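Notes follow once the structure below has been shown.
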Amino acid sequence: MSYDHFQTASVIRYPYLWARQARAAETEGRKDRPVAVGVRIARPDGNLVIFFPITSRQPDASRFAAEVPTIEKRRAGLDVDLRLWIIFDEFNSDIVGRSFYLEPEPPIGRFSKAFFLPLLREFIARRKASTDVVRFR
């Protein structure tokens, strides 16, 4: 296996560390959860990848989040019977090939470009207001 499948809009399982947990000095995600791969940036020391969490807990109206439509849940390999949201105002960043948390397993699915790319563009516009939890050292 390789890490080539970690591409924009793919969905993998990852031990996401929430910003509130990191502020409380936690260092490990409490459980594997589905995350959306936002961006993969080539770097000499390994590709940097940004992950957005997917949750069944409805976010506050003040959060930058998007509810996942049923058709997108199917494409992404998610439970179509649950209401799910992608959170965009916080993210984890990690390094492919150097991460303690990434495994070279195939994604569980992928969001369509029509759904995901407008949200990613909005994230880029708002990035300075987002919280990055760095998972590599």
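Keep in mind the model is a prediction, meaning the values are calculated, not measured.
- Distance alone, capped at 3.5 Å, places no donor-acceptor pair between the Arg110 side chain and the Gly77 backbone.
- Under the 3.5 Å distance criterion, the side-chain polar atoms of Arg13 are matched with a main-chain donor or acceptor of Asp32.
- By the side-chain contact (heavy atoms from CB on, under 4.5 Å) test, Ile124 is found to be paired with Leu120, residues two or more places apart in sequence or in another chain being considered.
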Would you list the atom pairs, donor with acceptor, under 3.5 Å between side chains in residues 37-54 and any protein atom, with sequence neighbours excluded?
unit_1	atom_1	unit_2	atom_2	d
Arg40	NH1	Tyr3	O	2.6
Arg40	NH1	Phe6	O	3.3
Arg43	NE	Asp45	OD1	3.2
Arg43	NH2	Asp45	OD1	3.3
Arg43	NH2	Asp45	OD2	3.1
Asp45	OD2	Arg98	NH1	3.0

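- Looking at residues two or more places apart in sequence or on another chain, you find a side-chain contact (heavy atoms from CB on, under 4.5 Å) between Val134 and Ser93, Asp132, Phe136, Arg137.
- Under the rule for a side-chain hydrogen bond (donor to acceptor under 3.5 Å, both in side chains), the partners of Ser99 that lie at least two apart in sequence or sit in another chain are Asp94.
- Each side chain to side chain donor-acceptor pair (under 3.5 Å) pair with one or both residues in residues 115-131, not counting sequence neighbours, appears once here: Glu122-Arg126.
- Taking Gln58 as the reference, nothing meets the side-chain hydrogen bond (donor to acceptor under 3.5 Å, both in side chains) condition, with sequence neighbours excluded.
- The side-chain hydrogen bond (donor to acceptor under 3.5 Å, both in side chains) test applied to Arg83 returns Glu67, not counting sequence neighbours.
- If you take CZ on Arg75 and NZ on Lys73, they are separated by 13.5 Å, rounding to the nearest 0.5 Å.
- Residues satisfying the side-chain contact (heavy atoms from CB on, under 4.5 Å) criterion with Pro59, sequence neighbours excluded, are Arg63, Ala65, Trp85, Ile87.
- Sorted by first then second residue, the ring pair (Phe, Tyr, Trp, His ring centres under 6.0 Å) pairs that include residues 55-79, not counting sequence neighbours, are Phe64-Phe88.
- Apart from Ile71 itself, the hydrophobic cluster it occupies contains nothing, where clustering links Ile, Leu, Val, Met, Phe, Trp and Tyr at side-chain heavy-atom distances under 4.5 Å.
- Residue pairs meeting the ring pair (Phe, Tyr, Trp, His ring centres under 6.0 Å) criterion with at least one member in residues 24-45: none, sequence neighbours excluded.
- Residues satisfying the side-chain contact (heavy atoms from CB on, under 4.5 Å) test with Gln21, not counting sequence neighbours, are Leu17, Trp18, Glu26, Arg30.
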